[in-house]
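A short write-up of the structure that comes next.
Since the structure is predicted, the reported quantities are computational estimates derived from the model, not experimental observations. Values reported hereafter were calculated over all heavy atoms of this structure, with side chains retained and with hydrogens, waters and symmetry mates removed.
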Amino acid sequence: MDDQHDSQQPATRRGKVLDALVRAERKVFTRPAPKSAKAQMEFLYTRAKRSTKALAERLGVSARTVQRYRAGQLKKPQKRLQAALVEETESQWQPQVRAQAREQAATSDGMMVSVVAYFGFTASGSSDDGRERHITTPISPTYAAQILQLQEAGATEEELHPIVAEAITEPFSS
């Protein structure tokens, strides 16, 4: 058992907009990302320029743990390490495919966005009372480019909300 498991940091938590952007990027993969812990470790090891120490630091485990997974001595990671392996692998998988999809969304296609919003009027007690609505609407390439630039710059969920809201309302304000 590894002594470092107790001192590991929890996986970072993203908001709904950032999660949705990540899920959309992952839908464009042309090949599935590695699934087994050993295959994920091997892939990440090559991405870390064959540095066991660098990979161990990134995953929050000891260098020996990385070596054991690569050698096949360990096969089933704990939940936190499994989540870190999936997140790291998928975030680095097929960067050219991801870049092409981002470029296409920012220049010609735009994006489709699905949201749950609350709409209503001020008259209470009538059929005009507010209701939750599921809306799927296209976002223009201009807004898509702004959203993707903010994401790449490390924008927070709160920084993305106003531009996403503006993008969603654009088709309705014409």
side-chain contact (heavy atoms from CB on, under 4.5 Å) between Leu148 and Met111, worked out: CA-CA 11 Å; Leu148 293 171; Met111 295 187 219; 3.8 Å; yes
side-chain contact (heavy atoms from CB on, under 4.5 Å) between His134 and Ser114, intermediate numbers included: CA-CA 7 Å; His134 293 271; Ser114 294; over 6 Å; no
Evaluate the criterion side-chain contact (heavy atoms from CB on, under 4.5 Å) for residue pair Met112 and Thr137; output intermediate values, then yes/no. CA-CA 6 Å; Met112 285 299 281; Thr137 186; over 6 Å; no
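One finds the CD atom of Glu87 at 9.5 Å from the OG1 atom of Thr89 (value rounded to the nearest 0.5 Å). To the nearest 0.5 angstrom, Leu44 atom CG is 12.5 Å from Ser51 atom OG. If you take CD on Glu57 and OG1 on Thr52, they are separated by 11.0 Å, rounding to the nearest 0.5 Å. The line from CD of Glu158 to NE2 of His161 is 6.5 Å long, rounded to the nearest 0.5 Å. Expressed to the nearest 0.5 Å, how far CG of Leu81 lies from NZ of Lys76 amounts to 11.0 Å. Between the CZ atom of Arg68 and the NZ atom of Lys38 there is a distance of 15.5 Å, given to the nearest 0.5 Å.
Panel note: side chain Arg98, backbone Ser91; a donor-acceptor pair is recorded below 3.5 Å. Using a distance-only test at 3.5 Å, with no hydrogens or angles considered, no donor-acceptor pair links the side chain of Gln82 to the main chain of Pro77. Judged by distance alone, with hydrogens and angles left aside, the side-chain atoms of Lys75 form a donor-acceptor pair with the main-chain N or O of Gly72 at under 3.5 Å.
At a threshold of 4.5 Å between non-hydrogen side-chain atoms, the residues Pro95 and Arg47 count as touching. Residues Lys35 and Val86 have side chains not in contact (no heavy-atom distance under 4.5 Å, counting atoms from C-beta outward). The shortest distance between side-chain heavy atoms of Val116 and Arg133 does not fall below 4.5 Å. Using a 4.5 Å heavy-atom threshold, the side chains of Pro32 and Trp93 count as separate. Using a 4.5 Å heavy-atom threshold, the side chains of Glu170 and Ser140 count as touching.
In terms of heavy atoms, Ala155 sits closest to Leu160 at CB-CG, 4.2 Å. Nearest heavy atoms, Arg80 versus Gly60: NH2-O, 3.6 Å. Looking at every heavy atom in both residues, Ala37 comes nearest to Leu85 through CB-CD1, 4.1 Å. Taking both residues in full, the closest heavy atoms of Gly110 and Ala144 are given as CA-CB, 4.1 Å, listed atom of the first, atom of the second, then distance. Across all non-hydrogen atoms, the minimal contact from Val17 to Glu157 is N-OE2, 2.6 Å. In plain terms, the two heavy atoms of Glu159 and Thr156 that are nearest each other are OE1-N, 2.8 Å.
Note on Val113 and Val28: separate hydrophobic clusters, where clusters join Ile, Leu, Val, Met, Phe, Trp and Tyr whose side-chain heavy atoms are under 4.5 Å apart, directly or indirectly. One hydrophobic cluster holds both Val61 and Phe43 under the rule that ILVMFWY side chains link at heavy-atom gaps under 4.5 Å. A continuous path of Ile, Leu, Val, Met, Phe, Trp and Tyr side chains, each step under 4.5 Å between heavy atoms, connects Ile168 with Ile147, placing both in one hydrophobic cluster. Note: the hydrophobic cluster containing Tyr45 also contains Tyr69 (ILVMFWY, side chain heavy atoms under 4.5 Å, direct or indirect links). Transitive grouping of hydrophobic side chains (ILVMFWY, heavy atoms separated by less than 4.5 Å) brings Val115 and Leu21 into a common cluster.
For the residue pair Glu166 / Tyr143, a side-chain donor-acceptor distance below 3.5 Å is found, with atom types taken as modelled. Side-chain contact check for Thr30 and Gln94: at least one donor-acceptor pair (N or O, by modelled atom type) lies under 3.5 Å. For the residue pair Gln151/Arg102, the side-chain donor-acceptor check at 3.5 Å is satisfied. Glu88 and Gln92 form a side-chain donor-acceptor contact under 3.5 Å, judged by distance and modelled atom types alone. Checked by atom type, the side-chain pair Arg64/Gln67 shows a donor-acceptor distance below 3.5 Å.
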